[in-house]
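Input: a single structure, listed below in structure tokens.
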Amino acid sequence: MEKAYQPKEVEDRLYHSWEQDGAFEGHPDAEKPAYSIVIPPPNVTGVLTMGHVLNNTIQDILARRARQQGHSVLWLPGTDHAGIATQTKVEQQLRKEGKSKYDLGREGFLEHAKEWRDKHGGIILKQLRKLGCSCDWKRTVHTLDPDYSKAVLEAFVRLFKNGYVYRGKRMVNWCPVSRTALSDEEVIMKPQNGKLYKIRYELVDSPGEYLEVSTTRPETIMGDVALAIHPQDERWPSLQGRKVRRPLQPAEIPIVADDAVEKDFGTGMLKITPAHDPLDFEIGRRHDLEIIDVFHEDGTLNELAGPDFAGMDRFEARKATVEKLREQGDLIDEEDHANNVGFSERADVPIEPRLSEQWFLRYPRVEEAKRAVAEGFIRYFPNRWSKTYLHWLENIQDWCISRQLWWGHRIPVWYRKGEDPKDPQNWHVSVDGPDDPENWEQDDDVLDTWASSWLWPIATMGWPDESAMKQQGLDYFYPTSALVTGPDIIFFWVARMIMAGLEFKGEPLDPKSVLSDEEIRKRIPFRDVYFTGIIRDDKGRKMSKSLGNSPDPLDLIEKYGADGLRHGIMSIAPKGQDIRFSEERIEQGRNFCNKLWNVSRFRLMADESGAQPSVEEILQRIDPAHLNQDDHAILLRLVQTLDEVDRLYVEYEFNSALQSIYRFFWNDLCDWYVENSKSRMRGGEGKETCLAVQDICLRQVLLLLHPVAPFITEELWDVLGFAGGKSIQWVNPGNGQDLANLIEARGIVLEDRALEEMLAIRELVTSMRALKADRNLANNNRVEFFYLAEEEKAEVLTRHTSSVLSSVGAAALNRVEEAPAGMPALVTAYGSVYMDLASGIDVDAEKARLSKELESLIKVIASIENKLGNASFTEKAPQQVVDGARKQLAENQKKKQETEDALGALA
RNA sequence: GGACGGCUAGCUCAGUUGGUUAGAGCGACUGGUUUACACCCAGUAGGUCACAGGUUCGAGUCCUGUGCCGUCCA
């Protein structure tokens with residue numbers, strides 16, 4: 001074996017062989033319980049980020065653990081066509097070539113985009129393989145695949161037929177860069193420092209008299225069609241019905257009264273621009289006002305803005321209109337003003353409220369979606385996210401699902417040529433289109449990407465095609481077992497998948513029907529949802545490509561190995577908390593792998609014939625006569641650890657599970673058991689038994705660790721001889737009881753007190769080492785010690801003397817009846833040890849040290865005595881707590897006595 | 001403005017139903033190549049658990065309020 005673990009070769013070789021063996025393939029198997037996960041599909045042209053590493057490592061852990069436990073596992077991978085993101089990238093590329101999408105035309109552009117996708121897409125799926133992800137790659141799905149597209153259109157058609165989908169002219173969020181409508185969820189509110197302008201409007205019937213209006217958007221004044229006041233505002237007793245003159249693009253506009261006006265904001269008077277503000281739009285509708293849209297779709301001003309401003313960009317126009325108003329004397333005041341502005345999620349520019357014709361969806365199954373989570377059919381980890389989810393559903397708004405893009409699923413609605421497209425009489429809505437296509441024109445828009453990905457759990461498994469569903473095992477694998485995703489897409493994706501599952505999985509539903517609990521259980525897309533934290537950099541900022549603060553995971557794999565990366569990231573990922581990234585933790589992950597490698601190496605050096613595949617076989621090598629307290633203790637700890645880890649995996653407490661494995665492996669097994677075993681390796685007699693115990697421990701550690709570190713565990717599984725031709729992927733680690741039963745069946749009774757003894761002996765050894773270290777004595781300096789303790793404890797110590805001597809690096813440990821004079825000492829719960837120094841000691845320093853110790857003991861004793869002296873404590877506290885305190889008091893009093901003895905012996 | 005989360009050792013974080021003297025890793029310091037591992041071993045130092053009240057025999061843990069940081073929704 002190599003002296004250090006070399007991940008690279010192992011990873012490539014093993015991944016290849018796993019794939020070759022079809023280990024990741026998920027098939028329905030009536031003999032086994034199903035376990036399934038659908039991957040949150042990354043953008044097809046995306047590259048692996050630390051967020052993906054976290055997210056997919058968790059999914060892989062779940063999948064691999066389930067495989068070990070005998071489930072038939074499907075982890076279904078795929079990619080998302082990511083409408084706006086991908087189209088933007090392709091358009092940018094075209095622009096570099098001096099072309100626009102219009103040069104290519106719709107068909108040509110789509111051809112081009114597909115080529116681009118095929119060339120640059122799917123990189124991330126290759127990267128996931130490097131990470132070790134055990135996805136069933138044969139079942140990779142892309143949201144623009146023909147079958148998937150059909151499912152998307154089918155869903156639209158069904159929703160339309162059931163009256164959930166409608167078309168309407170509404171105020172929508174418009175992105176002037178992407179030139180498309182967006183859903184509310186795609187708008188990000190950001191606080192901005194702008195200006196509040198006070199502008200005067202002249203009263204038509206009273207020249208020279210002005211009204212003052214505050215606005216943040218002077219560039220829309222040309223679209224003003226009224227001023228509005230609150231009907232109960234006493235400041236303006238007689239304005240209603242009168243007119244003012246619009247200061248730009250002059251025209252006479254009315255003054256209206258409306259309850260929606262905020263009396264306290266600005267001057268209490270509002271300019272009404274129905275085309276450019278949702279509230280103004282509502283007010284305009286109530287008062288039957290005209291709508292003047294002064295913008296083009298790209299955010300430049302149009303001819304209605306007048307010759308002074310037409311063609312200008314909206315931000316430029318803001319400055320220009322202010323300037324013009326100033327010249328005219330109509331600008332009264334301007335002041336700094338902080339407000340929230342909606343930004344386009346993708347293009348990161350302020351969105352424009354814009355009136356346009358769009359398709360909307362009234363969500364189906366909202367009530368059942370609430371029940372699904374509120375009543376626990378779907379469990380959220382951590383549960384607090386259910387509150388966020390429910391709050392959103394309580395306030396749900398219709399979903400604008402049409403996008404003015406080409407890259408996506410084209411809306412399956414056709415309009416009869418030459419007829420009024422607004423009249424539903426002239427619509428054809430179907431998946432395959434009309435039989436006489438020459439007489440029809442298809443809608444230009446495509447569907448929001450999320451209106452395809454919300455079908456992910458069903459459409460990746462053949463829905464709506466009956467035979468495909470059967471073949472792909474939808475009924476076997478659905479509902480999927482767990483979904484692992486970030487809380488940032490709880491509305492975009494999680495909530496919508498739940499509604500889509502409830503609506504579409506199973507028999508078609510009447511819109512007025514209400515699902516029973518039983519139906520909800522069958523239709524939900526997943527049972528558990530695990531929300532990961534967000535990965536931040538060392539300064540606490542979100543890792544993002546634009547900030548350039550995210551390391552490339554592939555570099556990290558190169559440097560520390562995939563297992564090291566996985567182990568590192570999982571060890572710092574507490575459930576549902578944000579994660580502060582630190583490369584040191586990844587390094588620790590690599591170190592852990594190396595430790596595992598080396599202890600295995602040590603094991604084989606002792607006996608290169610290796611181990612046997614089953615615990616039963618290994619147990620046969622144990623000679624009960626040679627089984628010592630150390631063996632008992634480590635096996636007990638192993639049983640404990642197996643139970644603990646089992647429980648923690650079930651609760652998605654991955655970092656705690658890892659910590660538990662780490663503690664057992666590194667502290668108990670390597671630092672203590674294996675170190676102690678070295679003398680037995682030499683001695684001969686207990687060697688075989690000791691190696692067998694080591695083998696059981698190593699075997700179980702590898703099994704427990706395999707989901708987190710699949711490569712090194714599979715490699716060592718084979719190297720150490722546990723495999724016997726069977727991959728570690730298919731072997732169940734079992735829980736503590738399982739192992740305890742096997743040990744018992746071999747006729748071995750584990751003694752519980754062995755653990756306690758071992759801990760006491762460890763404390764003693766630590767004290768002895770500290771005595772040496774304090775005086776800078778080398779480990780191999782064989783000093784003599786004396787030991788002072790009562791009979792019972794001395795007896796235990798005698799049984800462990802040889803291992804204590806070798807652990808400490810001591811020549812002797814002799815029992816004495818009273819404190820030997822002039823020696824440095826340490827007092828433990830198990831007695832006092834004195835170190836015999838050949839050279840003299842610094843009496844003052846020793847006194848100081850022991851006095852300090854004594855002082856703290858006195859404090860502790862006082863505090864316990866105080867507690868026990870309190871009648872209400874002894875009466876009200878549980879008996880075991882009171883007993884514990886008494887025991888503790890006794891121990892400390894003894895320690896105090898011994899410390900005083902040691903002090904006395906110094907003088 | 002509302003909701004949620006965080007505040008524990010120099011740093012990053014554990015700490016499950018309240019119950020011994022609050023833990024780990026990293027970093028710092030001291031010493032060390034003994035049959036695996038310097039990606040290692042042994043040891044040492046370092047904490048008024050954000051603050052203020054309250055409940056309790058007992059609070060890092062429960063309650064109320066305050067502050068700062070972060071996220072989401074208006």
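Quick note on labels: first sequence line is chain A, next is B, and so on, each numbered from 1.
A:Glu675 contributes a side-chain N or O that forms a donor-acceptor pair with the base of B:A36 under 3.5 Å. Counting atom types as modelled, A:Lys678 pairs a side-chain N or O with a base atom of B:A36 as donor and acceptor under 3.5 Å. Not a single donor-acceptor contact under 3.5 angstrom links the side-chain atoms of A:Lys387 to the base of B:C4.
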Show each protein N/O and nucleotides 26-30 of chain B N/O combination with a separation under 3.5 Å, one pair to a line.
unit_1 : atom_1 : unit_2   : atom_2 : d
B:C26  : O2'    : A:Glu584 : OE1    : 3.1
B:U30  : O2'    : A:Asn776 : OD1    : 3.0

Pairs under 3.5 Å (N/O, protein and nucleotides 20-23 of chain B):
unit_1 : atom_1 : unit_2   : atom_2 : d
B:U20  : O3'    : A:Gln888 : NE2    : 3.3
B:U20  : O2'    : A:Gln888 : OE1    : 3.3
B:U20  : O2'    : A:Gln888 : NE2    : 2.4
B:U20  : O2     : A:Gln888 : OE1    : 3.2
B:U21  : O4     : A:Asn892 : OD1    : 2.7
B:U21  : O4     : A:Asn892 : ND2    : 3.0

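For A:Thr388, whose side chain is taken as the heavy atoms from C-beta onward, the closest listed nucleotide among B:C72, B:C73, B:C37 is B:C72. Distance from the side chain of A:Asn594 is smallest for B:C37 among the nucleotides B:G43, B:C57, B:C37.
In this structure, A:Asn655 places its CG atom 13 Å from C1' of B:U16, rounding to the nearest Å. A:Leu691 has its CG atom 13 Å from the C1' atom of B:U35, to the nearest Å. With rounding to whole Å, A:His567 atom NE2 is found 13 Å from B:C39 atom C1'. Computed from coordinates, the A:Gln880 CD to B:G18 C1' distance equals 14 Å when rounded to whole Å. In this structure, CG of A:Asp607 is placed 14 Å from C1' of B:U35, rounded to the nearest angstrom.
Within 6.0 Å of the CD atom in A:Glu608, the count of heavy atoms belonging to other residues, nucleotides or ligands does not exceed 12. For A:Lys896, the NZ atom is loosely surrounded, since the number of other residues' heavy atoms within 6.0 Å does not exceed 12. Within a 6.0 Å sphere centred on CD of A:Gln6, heavy atoms belonging to other residues, nucleotides or ligands number more than 12.
Across the strands present, B:G46 finds no partner; the criterion is a Watson-Crick or G-U wobble pair with both atom distances under 3.5 angstrom. Under the Watson-Crick and G-U wobble criteria, each requiring two contacts below 3.5 Å, nucleotide B:U21 is left unpaired. The partner of B:C51, taking Watson-Crick or G-U wobble pairs whose two distances both stay under 3.5 Å, is B:G65. Under the Watson-Crick and G-U wobble criteria, each requiring two contacts below 3.5 Å, nucleotide B:C40 is paired to B:G32.
The aromatic ring centres of A:Tyr652 and A:Phe381 sit less than 6.0 Å apart. Under the 6.0 Å cut-off for aromatic ring centres, A:Phe785 and A:Tyr834 do not qualify, their centroids lying 6.0 Å or more apart. Ring centroid separation for the pair A:Tyr380 and A:Tyr530 does not come in under the 6.0 Å cut-off.
Looking at heavy-atom distances under 4.0 Å, A:Arg590 makes contact with a base. Nucleic acid contact class of A:Ala877 (heavy atoms, under 4.0 Å, all strands): base. Across all strands shown, A:Cys670 has heavy atoms under 4.0 Å from base atoms, whether or not it also approaches the sugar-phosphate. The residue A:Arg603 sits apart from the nucleic acid: no heavy atom pair falls under 4.0 Å.
The same atom, P, is picked in B:U21 and in B:C7; the two are 23 Å apart, to the nearest Å.
Close to B:C41, at under 4.0 Å from its OP1 or OP2, lies a side-chain N or O of A:Lys595.
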